[in-house]
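Worksheet: the structure to be examined is printed underneath.
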Amino acid sequence: MKIGVFDSGLGGLVVTKAFIDTLPEYDYVYYGDTARLPYGEKTSGQILSYSIEAVKFLISQKCGIIIIACNTATSIALRYLQQRFIPEYAPDVKVLGVVIPTVEEALQNGASKIGVVATNATIRSHIYQEELLKINPDLQIKEVATPELVPAIESNDFARAENFAKEYAKEFENVDSLILGCTHYPLLKDFFRRELPFVQIISQDELMGNKLSSYLKRHIEIDICLSRNHDYKFLVSRWNTHYQQVAAGLFPSFSIEEVSANV
Ligand code: DGL
């Protein structure tokens, strides 16, 4: 069995790189639904049905553990997938998301004021607020939707992304930690760190590798089923040369292929 990683597009490759850097010997299948990005602007019903389709596809690719790297899909679909879909469809498969590990990281240093930036759909779900308050009901939380950032990053226009990010950063001058709750935002982490030098910036590319590694250590029953041939596959629902360049920047010797995820 392989490790599957699902994102709405290519942003999740940054987290996949963290997995591969930490655990290079395993076999990975990445699936990015580039044809339907951005999920952050879709309805909850759409996000749920796309996420089910992607998970079914990764199961058909022999993935025994699937990480939903997309914060939006995690927010809207993870609970349904874990509690309803997987127990009936593929009870031996594990599906994990990015929200809980991120929340744990944000609370590690005793923060009491936490900020969250994410897509419209993630903020609308209030998943970060809900999970943070479950751990510490006294926290002060500020959630802000930052919908301009993904399109600017997708079009490689970092000057525009940073202009928007500069305005957003002003809202978080008084927090202890700021969660970058979107696959694309690790690409702006240095910018946020410069703008907010006294705030701990939580960037998923820096934490998810260790989180997966410790999960596999705690779940030997899953770990022993995972193959280890250093085999990495990168699949998308729509291919173009720009995507190929982005992927090549992170994984120079691998190409991405277009697939239909309809199984
Ligand atoms: N992958 C999405 C997330 O992490 C961002 C891009 C999108 O809106 O689809 O929330």
Side-chain angles (χ1 to χ4, degrees), residues 4-19 30-55 58 66-79 81 95-103 105-106 115-129 131 143-158 160-161 164-165 168 178-189 192 201-208 211 234-238 242-243 246-247 250 256 261:
V5 185
F6 160 52
D7 182 35
S8 55
L10 290 189
L13 284 177
V14 179
V15 167
T16 307
K17 182 155 169 39
F19 293 148
Y30 180 90
Y31 173 63
D33 191 6
T34 47
R36 298 190 287 209
L37 179 99
Y39 280 19
E41 301 304 313
K42 301 288 189 297
T43 65
S44 298
Q46 286 170 313
I47 296 163
L48 183 60
S49 82
Y50 301 162
S51 302
I52 293 170
E53 185 181 299
V55 165
L58 287 170
I66 296 169
I67 297 108
I68 303 191
C70 178
N71 286 258
T72 305
T74 299
S75 308
I76 305 297
L78 183 66
R79 234 173 253 169
L81 288 164
V95 180
L96 308 173
V98 283
V99 170
I100 304 246
T102 307
V103 161
E105 188 78 10
V116 183
V117 283
T119 64
N120 273 326
T122 300
I123 296 299
R124 205 172 56 226
S125 79
H126 294 299
I127 186 89
Y128 274 103
Q129 177 172 294
E131 294 298 341
E143 299 180 298
V144 175
T146 47
E148 296 87 357
L149 300 183
V150 167
I153 295 170
E154 278 288 311
S155 53
N156 219 8
D157 190 346
F158 280 85
R160 190 155 64 95
F164 285 117
Y168 289 129
L178 175 64
I179 293 175
L180 305 184
C182 173
T183 46
H184 289 56
Y185 301 175
L187 298 169
L188 293 174
K189 68 182 175 185
F192 276 106
I201 303 295
I202 308 294
S203 188
Q204 290 168 337
D205 60 319
E206 295 171 357
L207 63 102
M208 286 304 296
K211 294 284 183 189
F234 300 100
L235 308 173
V236 289
S237 52
R238 182 177 298 146
H242 171 63
Y243 292 148
V246 171
L250 290 164
I256 53 171

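Read the numbers this way: they start at 1 and go in the same order the structure lists the ligands and their atoms. Numbers here are sequence positions counted from 1.
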Contacts of type salt bridge (Lys or Arg N to Asp or Glu O under 4.0 Å), residue Glu148, not counting sequence neighbours
none
Sort and list the pairs that fulfil side-chain hydrogen bond (donor to acceptor under 3.5 Å, both in side chains) and have at least one residue in residues 5-16, not counting sequence neighbours.
none
Using the rule given for side-chain hydrogen bond (donor to acceptor under 3.5 Å, both in side chains), can you reason through Tyr185 versus Thr146, listing the C-alpha separation, both sets of side-chain angles and the distance that settles it, and then say yes or no?
CA-CA 10 Å; Tyr185 301 175; Thr146 47; 2.6 Å; yes
Applying side-chain hydrogen bond (donor to acceptor under 3.5 Å, both in side chains), can you list everything that pairs with Gln46, at least two apart in sequence or on another chain?
Thr43
Side-chain ion pair, Arg238 and Asp33, N-O less than 4.0 Å:
no
Does the distance from a Lys or Arg side-chain N to an Asp or Glu carboxylate O, for Glu41 and Arg124, drop under 4.0 Å?
no
Per-ligand residue contacts, ligand 1, heavy-atom threshold under 4.0 Å:
Asp7, Ser8, Leu37, Pro38, Tyr39, Gly40, Cys70, Asn71, Thr72, Thr119, Val150, Cys182, Thr183, His184
